Amino acid sequence: MALVHIAGDDLVVVIEGLDKLWAFKSSLTIPLANVRGATADPGIAADPKGIRAPGAHVPGMIAAGTFHLDGEKVFWDVKDPSKAVVIELADERYARLVVQVDNPRATVALVENALR
């Protein structure tokens, strides 16, 4: 699971627990100027992930780490798709972040309010 918060002009995503090992990341910091929006999307877990490098993927159990698909890099940290949030980025290493959060609606609201 991930914790998403705003620190100054940055969006900060902190990866919790053993997910740090599977995702090969402990946190990501993205300038808010490069965040395009966020949506709660439980159906995204069924989408193709692409080539994993590095990370872990066991279908139906976990998708964590960097995945390459159609020339883009996408960061995943999802075990429970019902709690998945997609954060769209521009001019960043990743095209999007797909993370599991405790409260998807609150996380989307936090990101959207920060972008106003």
Side-chain angles (χ1 to χ4, degrees):
M1 184 166 344
L3 296 175
V4 177
H5 67 277
I6 306 299
D9 291 332
D10 294 326
L11 174 83
V12 179
V13 179
V14 178
I15 310 304
E16 294 187 303
L18 288 176
D19 288 11
K20 293 178 202 178
L21 294 172
W22 316 133
F24 288 84
K25 293 257 184 248
S26 60
S27 68
L28 296 156
T29 301
I30 310 292
L32 284 172
N34 294 349
V35 177
R36 297 293 171 241
T39 56
D41 188 355
I44 196 161
D47 287 358
K49 309 292 181 286
I51 298 170
R52 173 181 37 105
H57 184 224
V58 178
M61 294 188 67
I62 187 169
T66 301
F67 290 78
H68 303 261
L69 181 65
D70 298 330
E72 294 182 331
K73 287 183 184 178
V74 179
F75 178 81
W76 283 79
D77 181 26
V78 176
K79 288 188 252 179
D80 180 355
S82 71
K83 296 183 175 187
V85 170
V86 180
I87 301 170
E88 297 288 338
L89 307 175
D91 302 322
E92 284 293 325
R93 176 179 181 195
Y94 296 106
R96 70 186 82 48
L97 310 176
V98 183
V99 294
Q100 176 183 326
V101 296
D102 188 43
N103 186 333
R105 287 184 188 185
T107 301
V108 169
L110 173 75
V111 172
E112 294 300 323
N113 287 335
L115 297 178
R116 292 184 187 159

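Small disclaimer: the values here were computed from a predicted structure and weren't measured.
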For residues [X] and [Y]: do they belong to one hydrophobic cluster (side chain heavy atoms under 4.5 Å, members Ile, Leu, Val, Met, Phe, Trp, Tyr)?
X	Y	answer
Val85	Met1	no
Leu21	Val99	no
Leu32	Val4	yes
Ile87	Leu69	no
Leu28	Phe24	no

| side-chain hydrogen bond (donor to acceptor under 3.5 Å, both in side chains) contacts in which one or both residues fall within residues 4-19, not counting sequence neighbours |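 Sorted pair list: Asp19-Lys79.
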
Evaluate the side-chain proximity of [Y] to [X]: yes if any heavy-atom separation is below 4.5 Å, no if none is.
X	Y	result
Phe75	Ile15	yes
Val111	Leu11	yes
Phe67	Val98	no

Nearest heavy atoms of [X] and [Y], plus distance in Å:
X	Y	result
Ala53	His68	O-NE2, 3.4 Å
Ala2	Asp77	N-OD2, 4.1 Å
Val12	Ala7	CG2-CB, 4.0 Å
Pro104	Asp102	CD-O, 3.8 Å

Could you tell me the separation between the [atom1] atom of [X] and the [atom2] atom of [Y], rounded to the nearest 0.5 Å?
X	Y	atom1	atom2	result
Lys73	Leu89	NZ	CG	13.0 Å
Trp22	Arg52	CH2	CZ	12.0 Å
Gln100	Ile62	CD	CD1	9.0 Å
Ile30	Arg93	CD1	CZ	10.0 Å
Asn113	Ile6	CG	CD1	9.5 Å
Ile51	Thr66	CD1	OG1	13.0 Å

Indicate every side-chain donor-acceptor pair of residues 35-49 with a distance under 3.5 Å to a residue at least two apart or in another chain.
from  : atom 1 : to    : atom 2 : distance (Å)
Arg36 : NH1    : Ala33 : O      : 3.1
Asp41 : OD1    : Gly43 : N      : 3.2
Asp41 : OD1    : Ile44 : N      : 3.3
Lys49 : NZ     : Ala45 : O      : 2.5
Lys49 : NZ     : Asp47 : O      : 3.0

